[in-house]
Number of protein chains: 4
Amino acid sequence: MKKAEPRPAQKRTRDPDSKRAALQTAAIRLFTDIGYENVSIAAIAKEAGIAVGTVYRFYENKLALLQSMLEALEYEYVEQMKADWATPGGVDVRLDRVCEGLFDLTAQRNTLLNLMSMTTDVVFDDGALPGDHIQAQIVSMYQDGVRSGAFRAGDVDLYGAMAHGLVEGAVMRWLRTGKPSQREAALQLSSVMKYGFLSRQINETGP
Amino acid sequence: MKKAEPRPAQKRTRDPDSKRAALQTAAIRLFTDIGYENVSIAAIAKEAGIAVGTVYRFYENKLALLQSMLEALEYEYVEQMKADWATPGGVDVRLDRVCEGLFDLTAQRNTLLNLMSMTTDVVFDDGALPGDHIQAQIVSMYQDGVRSGAFRAGDVDLYGAMAHGLVEGAVMRWLRTGKPSQREAALQLSSVMKYGFLSRQINETGP
Amino acid sequence: MKKAEPRPAQKRTRDPDSKRAALQTAAIRLFTDIGYENVSIAAIAKEAGIAVGTVYRFYENKLALLQSMLEALEYEYVEQMKADWATPGGVDVRLDRVCEGLFDLTAQRNTLLNLMSMTTDVVFDDGALPGDHIQAQIVSMYQDGVRSGAFRAGDVDLYGAMAHGLVEGAVMRWLRTGKPSQREAALQLSSVMKYGFLSRQINETGP
Amino acid sequence: MKKAEPRPAQKRTRDPDSKRAALQTAAIRLFTDIGYENVSIAAIAKEAGIAVGTVYRFYENKLALLQSMLEALEYEYVEQMKADWATPGGVDVRLDRVCEGLFDLTAQRNTLLNLMSMTTDVVFDDGALPGDHIQAQIVSMYQDGVRSGAFRAGDVDLYGAMAHGLVEGAVMRWLRTGKPSQREAALQLSSVMKYGFLSRQINETGP
DNA sequence: GATGAATGAGCGTTCATTCAT
DNA sequence: TATGAATGAACGCTCATTCAT
């Protein structure tokens with residue numbers, strides 16, 4: 001029987017940021033593809049090309065890894081929405097842009113927006129649940145619209161939740177089927193949102 | 001032989017239907033509360049007051065248990081929607097009724113509608129995924145509305161997905177906060193759905 | 001939900017002996033086909049057309065069932081050997097008959113003789129292990145042969161064990177392949193046994 | 001989340017080869033003593049002084065562990081037989097050596113040769129069943145003997161099976177009782193094999 | 001006597017986490 | 001700092017056995 005081989009020297013140290021990035025990419029891909037519970041730390045580490053133990057240099061545990069992914073993802077969405085909403089133009093034009101931005105980001109990330117609703121355990125450090133910040137941004141946009149008279153007033157939380165669901169439904173659908181085209185899907189989403197929250201009364205506009 | 005140890009006596013037999021019901025109640029509650037992956041068969045059995053092995057008299061395995069719960073739940077929603085949509089009256093009145101029915105059922109079942117979107121693994125025996133039948137019913141209602149001229153034509157799959165998301169968002173929100181009142185929440189949902197899918201063009205009604 | 005149905009009347013009582021026989025047939029077939037550990041009491045009961053609980057009327061537990069099967073099987077083999085060995089004729093003729101009898105019985109029972117060596121747990125009520133009685137019978141025949149001068153004297157236990165192994169090897173082989181014909185296989189076994197244990201010295205007969 | 005409880009620290013790392021060896025020793029001992037089905041992975045791990053999970057570092061599953069044990073064991077026997085058969089001298093001398101080698105190895109390994117016939121489920125990677133390679137080696141030796149005129153021609157498969165059974169019977173017997181002495185038992189086995197398969201006819205040598 | 005639903009200890013296996021190297 | 005072998009609690013599931021009916 002052979003004696004224990006001398007330990008191989010550790011791999012040449014790479015840039016920690018590149019490791020973190022590889023880790024994020026691997027994690028987001030695996031979580032998205034097969035779901036949090038079906039992904040093992042070993043699988044993530046392998047996919048990222050690092051050792052299992054190294055994962056724990058970056059994240060305290062598996063849940064923290066998911067939390068971080070979701071937080072980053074949500075941050076991106078929110079920033080995108082803010083940027084698009086801050087462009088010049090009327091409410092309807094800016095809403096179109098926001099919707100297009102959502103689809104763009106989803107296409108880039110190839111990520112289910114609703115990964116956010118797939119776990120019951122994540123709470124962000126500020127106490128928010130996944131999706132809450134997106135919803136808050138929707139609410140904020142809605143309130144802008146109400147202030148300008150474009151949208152009718154309503155229960156902001158409920159309206160936010162509905163709008164959030166609308167977005168999620170549209171994006172997931174498109175992600176699964178790719179139909180209609182990205183731009184068309186974005187415009188249909190935008191259109192339904194506009195109709196859904198505009199000022200006129202149902203009895204004024206009914207058939 | 002290790003496995004041949006004497007086994008303890010069985011408990012006094014209860015009505016088998018009460019066991020199945022207790023099992024369903026326990027399962028749906030635990031799945032809803034802490035999520036499928038965090039629920040152990042042992043926990044379900046304990047909550048239901050039966051033995052672990054007994055669970056397997058009723059369901060082949062854990063996933064089949066979830067599948068059955070989801071299938072029953074979705075069936076109830078679809079039947080409710082069909083019944084409400086078949087009542088007399090105009091599209092808008094019937095849509096109100098459908099929305100109220102959705103909230104009623106959710107209130108009775110105290111169940112997250114979106115338990116349906118919480119697992120990637122369930123496929124019903126007819127090949128449908130959880131939520132598909134609800135979405136199909138929404139599509140069917142939408143097509144009725146298009147035929148009667150009440151709704152404008154659009155991509156039925158996408159519209160169905162958006163409407164589904166809208167409903168899910170509204171119901172989940174209400175379930176978490178209880179606000180606004182059940183009836184009010186239902187009417188706001190209905191209102192947004194009607195606005196969102198009505199015939200008029202955005203440029204006719206815009207601000 | 002339905003209330004518990006009234007218990008169906010028990011099946012018309014069958015002759016207990018027919019149940020016992022069905023149980024034996026089912027057990028021996030399943031044990032032989034897929035091995036003791038892979039057979040469940042439920043499977044035996046189903047195959048025998050009786051209820052699980054009824055198995056325990058006849059046998060105290062699963063191991064006792066196996067023990068009983070092995071004991072009956074071994075008894076049959078021993079009785080067959082005794083009968084064949086008691087026929088008129090010289091040692092070599094009677095040995096032929098014994099071997100043919102072994103193959104006949106195996107063919108009838110379609111049973112692996114070596115089921116006997118497949119468990120470590122069975123001990124017969126007289127303290128014997130499975131196979132011991134067959135080996136004892138072989139030893140007895142061998143001693144007859146030694147007394148008559150046909151076989152040379154040797155360690156009876158060791159010779160018995162070797163002869164037993166020889167038989168088992170031959171029978172298992174034939175059971176698996178069916179070749180050569182049953183009669184031919186029996187005669188070859190007999191021939192090897194005769195050669196193996198006859199009086200002459202190796203140096204007298206060597207090449 | 002239930003599964004994310006803190007884990008206790010690892011024990012001080014030992015030489016991995018010593019773990020594998022301890023695992024092999026523990027497994028072979030327990031399998032031999034109480035039979036494959038009665039041995040739990042936990043028991044093997046405990047006996048080997050390692051954790052349950054560590055077993056799975058070395059073997060994919062329990063059956064693979066058994067398979068590996070059997071394959072290694074059989075390989076040793078076959079190599080021993082080949083080596084002894086390749087020594088100089090006549091058939092009878094070399095057969096003596098082979099038999100002595102079999103007993104030597106068994107004494108060293110303290111292992112039931114017939115562990116090989118104790119499970120129905122193992123199939124080696126080359127498609128062979130346990131025992132097949134030993135039998136093939138016996139057949140090969142037998143054919144050598146036939147070619148040289150020392151053994152009479154016969155059905156090689158059947159003769160191989162019988163010889164295999166003979167060996168198994170002799171070795172098992174000796175292992176259980178230790179009588180007669182190792183050397184004596186080997187010579188008696190060899191003697192019976194020689195008699196059993198030598199060229200002379202029964203009617204030439206009968207009493 | 002016969003039934004089969006109920007029981008729960010025990011199994012094989014997984015994998016998040018730790019820490020000696 | 002990086003590694004990955006080691007850990008063991010926890011899981012889903014099985015099935016010999018019991019006993020109310």
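Throughout, protein chains are lettered first and strands after them, A, B, ... in sequence-line order, and every chain is numbered starting at 1.
When the nucleotides E:dT3, E:dT7, F:dG4 are ranked by their closest atom to the side chain of C:Ala51, E:dT3 comes out on top. Here the side chain of B:Tyr56 is nearest to one of F:dC13, E:dT13, E:dA6, namely F:dC13. Listed nucleotides: F:dG8, F:dT3, E:dA6. Nearest to the side chain of B:Thr54: E:dA6. Listed nucleotides: F:dT7, F:dG12, E:dA16. Nearest to the side chain of B:Ile41: F:dG12. Listed nucleotides: E:dT3, E:dT17, E:dG12. Nearest to the side chain of A:Lys62: E:dT17. Comparing F:dT18, F:dT1, E:dT13 by their closest approach to the side chain of C:Val52 singles out F:dT18.
In terms of position along DNA chain F, the nucleotide closest to A:Arg57 lies nearer the 5' end than the nucleotide closest to the other residue of the pair C:Gly53 and A:Arg57. Nearest-nucleotide positions on DNA chain F place D:Phe58 closer to the 5' end than the other of D:Phe58 and C:Ala42.
By the side-chain contact (heavy atoms from CB on, under 4.5 Å) test, D:Ala72 pairs with no residue at all, sequence neighbours left out. Every salt bridge (charged side-chain N to carboxylate O under 4.0 Å, His left out) that D:Glu47 has, sequence neighbours left out, goes to D:Arg29. With sequence neighbours left out, A:Glu76 forms a salt bridge (charged side-chain N to carboxylate O under 4.0 Å, His left out) with A:Arg109. With sequence neighbours excluded, the residues forming a side-chain contact (heavy atoms from CB on, under 4.5 Å) with D:Ala42 are D:Ser40, D:Val52, listed by chain and number.
The nearest whole Å value for the distance from the CG atom in C:Leu63 to the C1' atom in F:dT17 is 14 Å. Atoms OH (B:Tyr59) and P (E:dA6) sit 13 Å apart, rounded to a whole Å. Regarding D:Asn61, its CG atom lies at a distance of 21 Å from the P atom of F:dG12, rounded to whole Å. Between the CG atom of C:Leu65 and the P atom of F:dC15 there is a distance of 16 Å, rounded to whole Å. Regarding A:Ile44, its CD1 atom lies at a distance of 16 Å from the P atom of F:dG4, rounded to whole Å. A straight line from CG of A:Leu30 to C1' of E:dC15 spans 15 Å, rounded to a whole angstrom. With rounding to whole Å, B:Asn38 atom CG is found 13 Å from E:dA16 atom P. Across the protein-nucleic acid pair, A:Asp121 atom CG and E:dA16 atom P stand 14 Å apart, rounded to whole Å.
Applying the 4.0 Å criterion to OP1 and OP2 of E:dA5, one finds that B:Lys19 has every side-chain N and O outside that range. Dashed line: the shortest gap from a side-chain N or O of C:Ser40 to OP1 or OP2 of F:dC15 is not under 4.0 Å.
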| field | Steps toward side-chain contact (heavy atoms from CB on, under 4.5 Å) verdict (D:Asp121, D:Tyr36) | value | CA-CA 11 Å; D:Asp121 297 320; D:Tyr36 176 75; 5.9 Å; no
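Listed by first and then second residue, the side-chain hydrogen bond (donor to acceptor under 3.5 Å, both in side chains) pairs involving residues 64-73 of chain D amount to none (not counting sequence neighbours).
Residue A:Val39 is classed as a sugar-phosphate contact, given heavy-atom separations below 4.0 Å to backbone atoms only.
Atoms CG and CG, from B:Leu65 and B:Leu23 in turn, are 5.5 Å apart once rounded to the nearest 0.5 Å.
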| task | Determine which bases of DNA chain E form Watson-Crick or G-U wobble pairs with both distances under 3.5 Å, and write the result as a 5' to 3' dot-bracket string with | for other-strand partners. | result | .||||||||||||||||||||
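When each of A:Ile28, A:Ile50, A:Leu30 is tested with A:Ile44 by the rule side chain to side chain contact (heavy atoms under 4.5 Å, CB included), just one qualifies, namely A:Leu30.
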